[in-house]
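Convention: sequence-line order gives letters A, B, ...; per-chain numbering from 1. Nothing here was measured: the structure is a model prediction, and the numbers come from that model.
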2 protein chains.
Amino acid sequence: MNVTGHTRRPASIRDVATAAGVSYQTVSRVINGHPSVRPSTRERVQAAIEELGFRRNATALALASGRTRTVTVLTANTTHYGYASILQGIEEAARAASYAVGIGVLESAEDAAVAAEVQRATDTGGGIVVIAYDPAGVRALGTVPAGVPVVGVVETPASPPGGESPWVWTDDREAAYQATRHLLALGHATVHYVAIPSSTRRTSARTSGWRQALKEAGAPEPRPAQGGWGPAGGHAAALKLARDPSVTAILCGNDDLALGVLRALHETGRSVPGEVSVAGFDDAPHCAFLTPSLTTVRLDFTGLGRAAFALLHGALEESAPVAPHPVSEPELVVRESSGPPPARA
Amino acid sequence: MNVTGHTRRPASIRDVATAAGVSYQTVSRVINGHPSVRPSTRERVQAAIEELGFRRNATALALASGRTRTVTVLTANTTHYGYASILQGIEEAARAASYAVGIGVLESAEDAAVAAEVQRATDTGGGIVVIAYDPAGVRALGTVPAGVPVVGVVETPASPPGGESPWVWTDDREAAYQATRHLLALGHATVHYVAIPSSTRRTSARTSGWRQALKEAGAPEPRPAQGGWGPAGGHAAALKLARDPSVTAILCGNDDLALGVLRALHETGRSVPGEVSVAGFDDAPHCAFLTPSLTTVRLDFTGLGRAAFALLHGALEESAPVAPHPVSEPELVVRESSGPPPARA
DNA sequence: ACGCCTTGTGTGACCGGTCACATTCATGTC
DNA sequence: GACATGAATGTGACCGGTCACACAAGGCGT
């Protein structure tokens, strides 16, 4: 351990080379584990590396080799539970593969802004993961120029893309199906749905899972309410639903919406689950501690993030660590907010 | 717009140079806005840039100039509201300054792991922001080698550091003081405190703000309970407090703890705010929608993140955008969870 | 003893920019 | 008209690595 007082230029491979009395190429071979280096030489070089505290310059490496070992995550949001968890999963996997993680926030869905952010991300030369749960993300995914390695974290596609698609997703359809069936099984005549915005104009997988369950049960299909992303949207949507006494079960596009719905029901004096049952999606950590605690479908966001990185990693390097982390199936978590409908409907 | 079919090596300044019939240096001058370039030449170069879709290679720029225009955020967590909001603030400010944002998660507080992560961050050559609200972060902040530009987002220091310190913080002391005074003013005999872990062994600013308010009011000072970071910790701590009928007001180290506390009080049949008042910190978006909605102190985390970046930016570049974004003062938000104590204590 | 292949090592060019300096040419000054 | 001056542009080296290739020494087959 040599304490090098004030800041000075860090040692380069040439510094190490002269210190060890070899050429810089030999140093390069040592740090890359090339086989044909005499053990005695290797040791001398290693000693010099230790001595000078040499660390390979990431920038130079990237420039010379072309491989950046970087993944940039493009996302419209960093604070929502789902988004943040995906980011966390990506970071975990990237760290394990010694990749650097960059982040770019798509503040607006406007074309120019999105294009600029995608440009910045491609400029790094590394791979890109786009969280495309919203219009900004979808647009970004579409803006990435061909040839740039990119993986999209997307809503469940309507039809499974053939072969190898650069997308990962959770089984939203199944999740919605399970939650809806749970509520129907409790005896509710039908289940109302407060939706999160769809990233595209098409029907979301959650909506279609919900529909399917209703259809199978022969239950009437109410028009889905639009709730936005946050509790405020859920609150507004539920204030309307609460006026209708026939509403006894509400499925919410995510847990934040559900929180707003619970609040609205409380304000309108409708008890949960006595009069109305509520369920959400995601199983954010606070769900278990709400009053009443929230029935929801757990989604494996960190696993999704890890899978996204694994896919990208495979595209970026030959030595693909095949068989990526699997994404867990959605799992219904029943808590206090769901129960049988009131005795006489 | 020329569509270049399949992926090929992007244009470099030399490509542009030959296309425009000038030297690469002149191209460099044009893209850097150097004054002494004849307008006609400048135009020709600009046209060639457009034509070839030239974009300056960030890696090469970094290597040649030494300036990386990168900030790496080291944090123990990306999903908690406070952490995520700080990250968002940093990203906003960094984007405005066209800096790239990297992120490294301190998964363990263990020395070796932290050191490795700090190493990786310094290897980029850019600046570092460490969120040091926890032992891992504090350790990371201490591990950053001298000479590397770094800004710490820290708990309020016990004594204000003199002159220019590379730290930013919110006024936790004032926040705790305000919340405690609010509860005391409602008539509570004293206020119990469920603390978040302190990043160091010293008394946290929140604790001391709470103490000061109690002392000024001549109220007895109960022993603070340790709650951890999440709702589970608050829940556990509050189950104990709930056994003591003299407890009528509980201040919680953050909103997540408060959620757990509310839940525990519900489970033990103590009404809020009828029998017990509860207050939190942070004003996370869900606070307003809880039942009862949560009295809390709003902290300007995104502003804090912006300020952290501004400080770093100033340290990294001469052309410092002085007068960084100010961090808003903590602001007490009174909601349903706080009220006067029960009539006969 | 000769050539050949393998092992260990060194040399030069290159990645795509920037920087310091040299060069050319037009202009103003005495 | 000679000369200093400044604007416009070009040349070479450099940042810190990697890559392709050259080259010397040693082992082996014939």
### Query
Does a side-chain N-to-carboxylate-O contact under 4.0 Å join B:Arg120 and B:Glu117?
yes

Inset, instruction - Report yes if the side chains of A:Val150 and A:Leu141 come closer than 4.5 Å at any heavy-atom pair, otherwise no. - result: yes

Heavy-atom count check: over 12 atoms from other residues, nucleotides or ligands less than 6.0 Å from A:Trp229 CH2? yes

N/O (side chain, B:Thr26) to phosphate O (OP1/OP2, D:dG10) under 4.0 Å:
yes

All heavy atoms of B:Ala97 vs all of B:His313, minimum pair found to be CB-CE1, 3.6 Å

So the side chain to side chain donor-acceptor pair (under 3.5 Å) pairs with at least one residue in residues 53-68 of chain A (sequence neighbours excluded) are A:Asn32-A:Arg56, A:Arg55-B:Gln119, A:Arg55-B:Asp123

Within residues 39-48 of chain A, those residues having any heavy atom closer than 4.0 Å to DNA chain C are A:Thr41

| message | Around atom CH2 of B:Trp167, are there more than 12 heavy atoms from other residues, nucleotides or ligands closer than 6.0 Å? | response | no

Axis-to-axis angle across the helix from C:dA1-D:dT30 to C:dC30-D:dG1, five pairs each end, nearest 10 degrees, ~ 50°

Contacts satisfying ring-ring contact (aromatic ring centres under 6.0 Å, His included) that involve residues 9-40 of chain A (not counting sequence neighbours) are none

- Query: Can you list the steps and then say if A:Glu110 with A:Arg139 is a salt bridge (Lys or Arg N to Asp or Glu O under 4.0 Å)?
  - Reply: CA-CA 9 Å; A:Glu110 197 199 332; A:Arg139 193 155 304 177; over 6 Å; no

| query | At under 4.0 Å, does any side-chain N or O of B:Ser23 touch on OP1 or OP2 of D:dG10? | reply | yes

Sorted by chain and residue number, the side-chain hydrogen bond (donor to acceptor under 3.5 Å, both in side chains) partners of B:Thr41 (sequence neighbours excluded) come out as none

Heavy-atom contacts, protein to nucleotides 15-28 of chain D, under 4.0 Å, summarised as B (base), S (sugar-phosphate only) or - (none) per nt, yield BBBBBB--------

| task | Taking B:Glu91 for its side chain and A:Val105 for its backbone only, find out whether a donor-acceptor pair lies under 3.5 Å. | result | yes

